[in-house]
Amino acid sequence: MTSPASVDTSAPQNTAVPALTLTIAGSEATGGAGAQADLKTFQELGTYGIVALTCIVSFNPKDQWNHRFVPVEAQVIADQLEAIQACYAGELKTVKLGMMGSPVTIDTVATALDAQEWDNVVLDPVLICKGQEPGHALDTDQALRAQLLPKATFVTPNHFEAEQLSGLTINNVEDLKAAAKAIHEISGAAVLAKGGVRLSGDEAIDVFYDGETLEVLSAPKIGEHAVSGAGCTLAAAVTAELAKGATPLEAARTAKRMVTEGIKNRKESHAPFDALWQGGALS
C-alpha cells in the first residue's frame, strides 16, 4: 500500500479536461436558486463552473420572505466578464443567462456576449423580478426580449414566462405545446417550456421543441408546490450537457431527470419553501 506521504501531489491526478460552463446570474443567499444552484449543477454534471454575478437577492424573514434585491454595478459586471473571457479565450463557448434585474445589466451582458462567438447560449428568461417597481420590471422584460432573446440558442421559460413570451394563455399540455412553438418562432432557439406543477393532473409536464422535434417530458408530481431552484437547475443542467456535446433534446431529457430527482431530495428549511438539492441526483 502506498503511504499518503509518498503520493506525488505535484501532478494532476485527473487528466480529464472538463467542459467550461459560465453562468451570468444573481446570487440567492439561502443557496437554493440563482448562481449557487447553477454552480452546484455544473459540478454535479462534471463541468467547470464559472460565475459572473449580476445582483444579490436576500429573502427577508421579517417581511414574509419577500425579495430584497441589490444590483451589481454595471462596471463590476463588465469587469467580471472581461476577466472570465480573457482567461478562457477560445475555450469558453457555453453560457447560461439567469436573473439580470435591470436594463443596464442586460445591455452590459449583451455587449460582453457580442465580444466572442458562442456555441450555446441558454437563456432562463427571468421576467418581472420581485422586489422591483412595476415600471422598472417592465423595462427589464422589454430589454431582455430585445437584446438577449435573439442571442439565445436554447430558452427555458416557466409557465408564467412562457405565457408572457408567447402571448398565449396556458391551461393544458396542448397550450404548452403551442407556446413552445411560438417562442421558437420568435427566437429561433430550442425551447423547453415548463408546465411543472402549474398544470392540473398527476404529471409534471414540460415541452421541448426545436423547430423539428416536439417531445413532452413528464414525471410524476412530487407535491403541489414549486420548489426553489428547480428552474435554475433545469437551465443549468441543459447548459452543462450542451457544453459536453449533448444534443438539445438529450440535454433536455437529462435536465428533466435531474430536476425530478433533486425535488425528491429537496432541502427543508424555516422558510416557507423547500429547495431542490442537486447532490447525487443522477447517481
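Nothing here was measured: the structure is a model prediction, and the numbers come from that model.
Looking at every heavy atom in both residues, V155 comes nearest to S187 through CG2-OG, 4.3 Å. Smallest separation of non-hydrogen atoms from V259 and A230: CG2-O, 3.7 Å. Scanning all heavy atoms of the two residues, the minimum distance from T233 to A37 falls at OG1-CB, 4.1 Å. Across all non-hydrogen atoms, the minimal contact from K244 to L45 is NZ-O, 2.8 Å. Smallest separation of non-hydrogen atoms from V122 and A235: CG1-O, 3.8 Å. Here the shortest heavy-atom pairing between P220 and E203 reads N-OE1, 3.5 Å.
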Practice item. Go through the steps to decide whether K177 and E174 satisfy the test salt bridge (Lys or Arg N to Asp or Glu O under 4.0 Å), and finish with yes or no. Key: CA-CA 5 Å; K177 291 178 182 178; E174 294 305 313; 3.1 Å; yes
Review point. Which is it for R145 and Q164 under the side chain to side chain contact (heavy atoms under 4.5 Å, CB included) test, yes or no, and what are the steps along the way?
Key: CA-CA 10 Å; R145 295 168 191 258; Q164 296 300 306; 3.7 Å; yes
Practice item. Under the side chain to side chain contact (heavy atoms under 4.5 Å, CB included) rule, what do L168 and D175 come out as? Steps first, then yes or no, please. Key: CA-CA 8 Å; L168 302 174; D175 293 340; over 6 Å; no
Exercise for review: Take Q75 and D79 through the test side chain to side chain contact (heavy atoms under 4.5 Å, CB included) and record every step on the way to the result.
Suggested key: CA-CA 6 Å; Q75 186 59 54; D79 290 347; 2.8 Å; yes
Exercise for review: Would you check, one step at a time, whether the test side chain to side chain contact (heavy atoms under 4.5 Å, CB included) holds for I84 with L22?
Suggested key: CA-CA 9 Å; I84 291 164; L22 167 64; 3.8 Å; yes
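Residues F69 and F59 are members of separate hydrophobic clusters, defined by side-chain heavy-atom contacts under 4.5 angstrom among Ile, Leu, Val, Met, Phe, Trp and Tyr. Side-chain heavy atoms closer than 4.5 Å link hydrophobic residues (I, L, V, M, F, W, Y) into clusters, and following such links, possibly through other members, connects L81 to Y48. Clustering ILVMFWY residues whenever any of their side-chain heavy atoms sit less than 4.5 angstrom apart, transitively, puts V72 in the very cluster that holds L113. By the rule that hydrophobic residues join a cluster once side-chain heavy atoms approach within less than 4.5 Å of another member, L199 and V227 end up as members of separate clusters. Residues L192 and I205 are members of separate hydrophobic clusters, defined by side-chain heavy-atom contacts under 4.5 angstrom among Ile, Leu, Val, Met, Phe, Trp and Tyr.
Atom CD of residue Q147 and atom CG of residue D107 lie 5.0 Å apart, to the nearest 0.5 angstrom. To the nearest 0.5 Å, atoms CD1 (I106) and CG (D141) are separated by 8.0 Å. Taken to the nearest 0.5 Å, the CG atom of L127 stands 10.0 Å off from the CG atom of L138. Taking CD1 of I50 as the reference point, atom OG1 of T21 lies at 6.5 Å (rounded to 0.5 Å). Note that the CD1 atom of I170 and the CG atom of L176 stand 5.0 Å from one another [nearest 0.5 Å]. How far CD of E185 is from OG of S166: 12.5 Å, rounded to the nearest 0.5 Å.
Applying the side chain to side chain contact (heavy atoms under 4.5 Å, CB included) criterion to A180, with sequence neighbours excluded, gives V191, A193, V207, Y209.
Under the 4.0 Å criterion applied to side-chain N and carboxylate O atoms, K151 and D114 are assigned as salt-bridge partners.
In this structure a side-chain-to-backbone donor-acceptor pair under 3.5 Å is present from K40 to G31. At distances below 3.5 Å, not a single donor-acceptor pair connects side-chain atoms of Q64 with backbone N or O atoms of N66. Between the side chain of T54 and the backbone N or O of A25, at least one donor-acceptor pair lies under 3.5 Å. In this structure, E241 contributes its side chain and A255 its backbone to no donor-acceptor pair below 3.5 Å. Judged by distance alone, the side chain of D206 and the main-chain N or O of G195 form a donor-acceptor pair under 3.5 Å. Within the 3.5 Å criterion, the main-chain N or O of Y88 finds no donor-acceptor partner in the side chain of E91. Judged by distance alone, with hydrogens and angles left aside, the side-chain atoms of Q36 form a donor-acceptor pair with the main-chain N or O of E28 at under 3.5 Å. Judged by distance alone, the side chain of K194 and the main-chain N or O of L234 form no donor-acceptor pair under 3.5 Å. Formation of a donor-acceptor pair under 3.5 Å by the E163 side chain with backbone atoms of F160 is not found in this model. Remark: side-chain polar atoms of S58 are not paired, donor with acceptor, to backbone N or O of R68 under 3.5 angstrom.
Side-chain contact check for I77 versus T105: some heavy-atom pair is nearer than 4.5 Å. Side-chain atoms of M100 and V126, non-hydrogen and from C-beta on, never get closer than 4.5 Å to each other. Side-chain contact between K96 and C232 is present, with heavy atoms from C-beta onward closer than 4.5 Å. For the pair I222/R266, a side-chain contact is recorded, criterion being any heavy-atom separation below 4.5 Å from C-beta on. Taking the side chain as every heavy atom from C-beta outward, K264 and E261 approach each other to under 4.5 Å. You'll find the side chain of T156 stays beyond 4.5 Å of the side chain of E161, heavy atoms only. F42 has its side chain out of reach of P18: every pair of non-hydrogen atoms, C-beta onward, lies at least 4.5 Å apart. Counting only heavy atoms from C-beta outward, the side chains of L165 and P125 approach each other to under 4.5 Å.
The environment of CD in Q116 is crowded: more than 12 heavy-atom neighbours from other residues, nucleotides or ligands sit within 6.0 Å. Annotation: D63, atom CG; neighbour count of heavy atoms from other residues, nucleotides and ligands within 6.0 Å is above 12. With a 6.0 Å radius and a threshold of 12 heavy atoms from other residues, nucleotides or ligands, E82 has its CD atom at or below the threshold.
Using bins of under 30°, 30° to 60° and over 60° for the plane-to-plane angle, the ring pair W65/F273 lands in the perpendicular bin.
Across T94, T239, T153, a single residue satisfies side-chain hydrogen bond (donor to acceptor under 3.5 Å, both in side chains) together with N120, and that is T94.
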